[in-house]
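The block underneath contains the structure these notes are about, expressed in structure tokens.
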Amino acid sequence: MESQKPMAPKPAATAAAKIKKEEKISNIRGIKNAFIVILCCCAAAVCIFLFGMGYGGNFEGGTTDGHPLNLAGTVYKGGFIVPILMTLLLTVIVLSIERWIALSSATGKGNTTKFVADIKADLAANNIDAAMKRCKDQKGSVASVVYNTLVRYKEMDANTTLSKEQKLTTLRNEVEEATALEMPALSQNLPIVATLTTLGTLVGLLGTVMGMIKSFQALASSGSPDSTELSTGISEALVNTAFGIATGAFAVISYNFFTNKIDNLSYAIDEIGFSIVATFAATHK
């Protein structure tokens, strides 16, 4: 019986299958679990409410049953809704600071507009190595996307198997993949800030309604109205209104500000990605 000859390995179906894509990881760092932030803010809010605003020196007679002597005591009279609103407000503040740090690192070291212009100039001069070095110096999301695309650019430049259309498709796919990697990291935690925009106002409105109910109960009591109950109800209504408006307003400003910064980065990525593909199409047959 004749011995069987070892079978030769099958060639790859396409040359594109031989191109190994390196694992890419977003350089943007941020708080991954916002639930921990909410818990920490809740603990801080409760401590401030009980031990700061509820301090006996803030009230007549040294107890929380007395009339408030200052603003801290007045806020304490807002009731149990106050620490909830404080939790929401602190969460917005902490997540806004976190997004500021994350988006500052995503912007990179230099001006993004100048960086895009310099990269386009390097592409026009067909100086890919200089553009890649510029990306390493700039850092940030835009530079990361451009660098990954330029790496693929050089691979396609050296490839003699794929057609021009296949190379252009590969470059476009690289831009899309690199962008898709960066975008979730840029907008991380912003949906929570957007939710607090409405939630803060609604919780403040709930506290306002509860305070007004107490006020009307004091007015409806038999005989002369209880001035203490009446003032407590009004304080609760006004304090919760103020906290709710402050939380909602700060959340709206924060969300719109960071969304605008993300849009600017997205426009820069789209512009320079188009320039890279257009340059390759113009300089290759």
Query raised in the report: Out of curiosity, does Phe80 fall in the hydrophobic cluster containing Tyr76 (side-chain heavy atoms, cut-off under 4.5 Å, transitive links)?
Result: yes
Report task. Kindly indicate whether the side chain of Tyr255, heavy atoms from C-beta on, has any atom under 4.5 Å from the side chain of Ser96. Result -> no
**Report entry** Cluster check Leu90, Ile245: I/L/V/M/F/W/Y, side chain < 4.5 angstrom
**Finding:** no
Query raised in the report: Where is the tightest heavy-atom contact between Val193 and Ser254, given as atom of each residue plus distance?
Result: CG1-OG, 4.1 Å
Query raised in the report: Between Thr247 and Gly244, is there a donor-acceptor pair closer than 3.5 Å when you use the side chain of the first and the backbone of the second?
Result: no
**Report entry** Any donor-acceptor N/O pair, Asn240 side chain to Leu206 backbone, under 3.5 Å
**Finding:** no
Report task. Please tell me if the side chains of Thr169 and Gln166 come closer than 4.5 Å, counting only heavy atoms from C-beta onward. Result -> no
Query - Between CD on residue Glu98 and CG on residue Leu190, distance to nearest 0.5 Å - result: 8.5 Å
Query raised in the report: Would you say the side chains of Asn127 and Asp122 form a donor-acceptor pair under 3.5 Å?
Result: no
Requested in this report: Quick one: pull up OG1 in Thr91 and CE in Met86 and give me the separation to the nearest 0.5 Å.
Outcome: 11.0 Å
Query raised in the report: Hey, quick one: are Val46 and Ile38 part of the same hydrophobic cluster, counting side-chain heavy atoms closer than 4.5 Å, chains of contacts allowed?
Result: no
**Report entry** Gap between atom CE of Met183 and atom CD of Glu176 - 0.5 Å precision
**Finding:** 13.0 Å
Query raised in the report: Are Glu174 and Asn148 side-chain neighbours, meaning at least one heavy-atom pair lies under 4.5 Å?
Result: yes
Query - Close side-chain approach of Asn264 to Thr112, heavy-atom, < 4.5 Å - result: no
Query - Nearest atoms (heavy-atom pairs only) where Gly52 meets Asn58 - result: O-ND2, 3.0 Å
Report task. Determine whether Ile262 and Val252 fall in the same hydrophobic cluster, where Ile, Leu, Val, Met, Phe, Trp and Tyr are linked whenever their side-chain heavy atoms lie under 4.5 Å apart. Result -> no
Query raised in the report: Taking side chain as C-beta onward, heavy atoms only, is Ile84 less than 4.5 Å from Phe243?
Result: no
Requested in this report: State, yes or no, whether a side-chain contact exists between Leu50 and Pro83 at a heavy-atom distance under 4.5 Å.
Outcome: no
Report task. Decide if atom CZ of Phe49 counts as having more than 12 heavy atoms of other residues, nucleotides or ligands within a radius under 6.0 Å. Result -> yes
Report task. Spell out, yes or no, whether Ile101 and Phe250 are grouped together once hydrophobic residues are joined by side-chain heavy atoms under 4.5 Å, including indirect joins. Result -> yes
Query - Ala194 backbone acceptor or donor facing Thr198 side chain under 3.5 Å - result: no
Report task. Could you check Val94 against Cys41 for side-chain contact (heavy atoms from CB on, under 4.5 Å), going step by step and ending with a plain yes or no? Result -> CA-CA 8 Å; Val94 172; Cys41 290; 3.9 Å; yes
Query raised in the report: In terms of the angle between their ring planes, are Phe258 and Trp100 parallel, tilted or perpendicular, with boundaries placed at 30° and 60°?
Result: perpendicular
Query raised in the report: When you measure from the side chain of Ser144 to the backbone N and O of Gly140, does any donor-acceptor pair fall under 3.5 Å?
Result: no
**Report entry** Gap separating the CE atom of Met156 from the OG1 atom of Thr161, nearest 0.5 angstrom
**Finding:** 9.5 Å
**Report entry** Gap between atom CZ of Arg134 and atom OH of Tyr147 - 0.5 Å precision
**Finding:** 15.0 Å
Query raised in the report: Step by step, would you call Leu71 with Val75 a side-chain contact (heavy atoms from CB on, under 4.5 Å)?
Result: CA-CA 6 Å; Leu71 181 61; Val75 174; 4.2 Å; yes
Requested in this report: Examine distances only and state if a side-chain atom of Arg99 and a backbone atom of Gln188 form a donor-acceptor pair shorter than 3.5 Å.
Outcome: yes
Requested in this report: Take Arg152 and Thr170, measure what side-chain contact (heavy atoms from CB on, under 4.5 Å) needs, and give me the verdict at the end.
Outcome: CA-CA 8 Å; Arg152 191 68 64 217; Thr170 301; 3.7 Å; yes
Query raised in the report: Can you name the nearest heavy-atom pair linking Ala106 to Leu265, along with the distance?
Result: CB-CD1, 4.3 Å
Report task. Could you tell me how the ring of Tyr153 sits relative to the ring of Phe280: parallel (under 30°), tilted (30 to 60°) or perpendicular (over 60°)? Result -> perpendicular
Query raised in the report: With side chains defined as the heavy atoms from C-beta onward, is the minimum distance between Leu123 and Leu150 less than 4.5 Å?
Result: yes
Query raised in the report: Does any N or O in the side chain of Lys164 come within less than 3.5 Å of the main-chain N or O of Ala281, such that one atom is a donor and the other an acceptor?
Result: yes
Query raised in the report: About how many Å separate CD1 of Ile276 and CD of Glu271, when rounded to the nearest 0.5 Å?
Result: 11.0 Å
Report task. Pick out which of Thr259, Asp263, Leu103 makes a side chain to side chain contact (heavy atoms under 4.5 Å, CB included) with Leu186. Result -> Leu103
Query raised in the report: Could you go step by step and tell me if Leu168 and Glu165 meet the side-chain contact (heavy atoms from CB on, under 4.5 Å) rule?
Result: CA-CA 5 Å; Leu168 291 175; Glu165 285 302 321; 4.2 Å; yes
Requested in this report: State, with a plain yes or no, whether a side-chain heavy atom of Glu155 is found less than 4.5 Å away from one of Val151.
Outcome: yes
Requested in this report: Return the minimal non-hydrogen interatomic distance between Ser275 and Lys120, and the atom names on each side.
Outcome: OG-CE, 3.6 Å
**Report entry** Sidechain N-carboxylate O distance under 4.0 Å for Asp129, Lys133
**Finding:** no
Requested in this report: Check for a donor-acceptor pair, side chain of Glu182 on one end and backbone N or O of Val142 on the other, with a separation under 3.5 Å.
Outcome: no
**Report entry** Residue pair Ala268 / Val116: nearest heavy atoms and the distance that separates them
**Finding:** CB-CG2, 4.0 Å
Report summary line: Between Lys154 and Ile128, the two heavy atoms sitting closest are CG-CG2, 3.8 Å
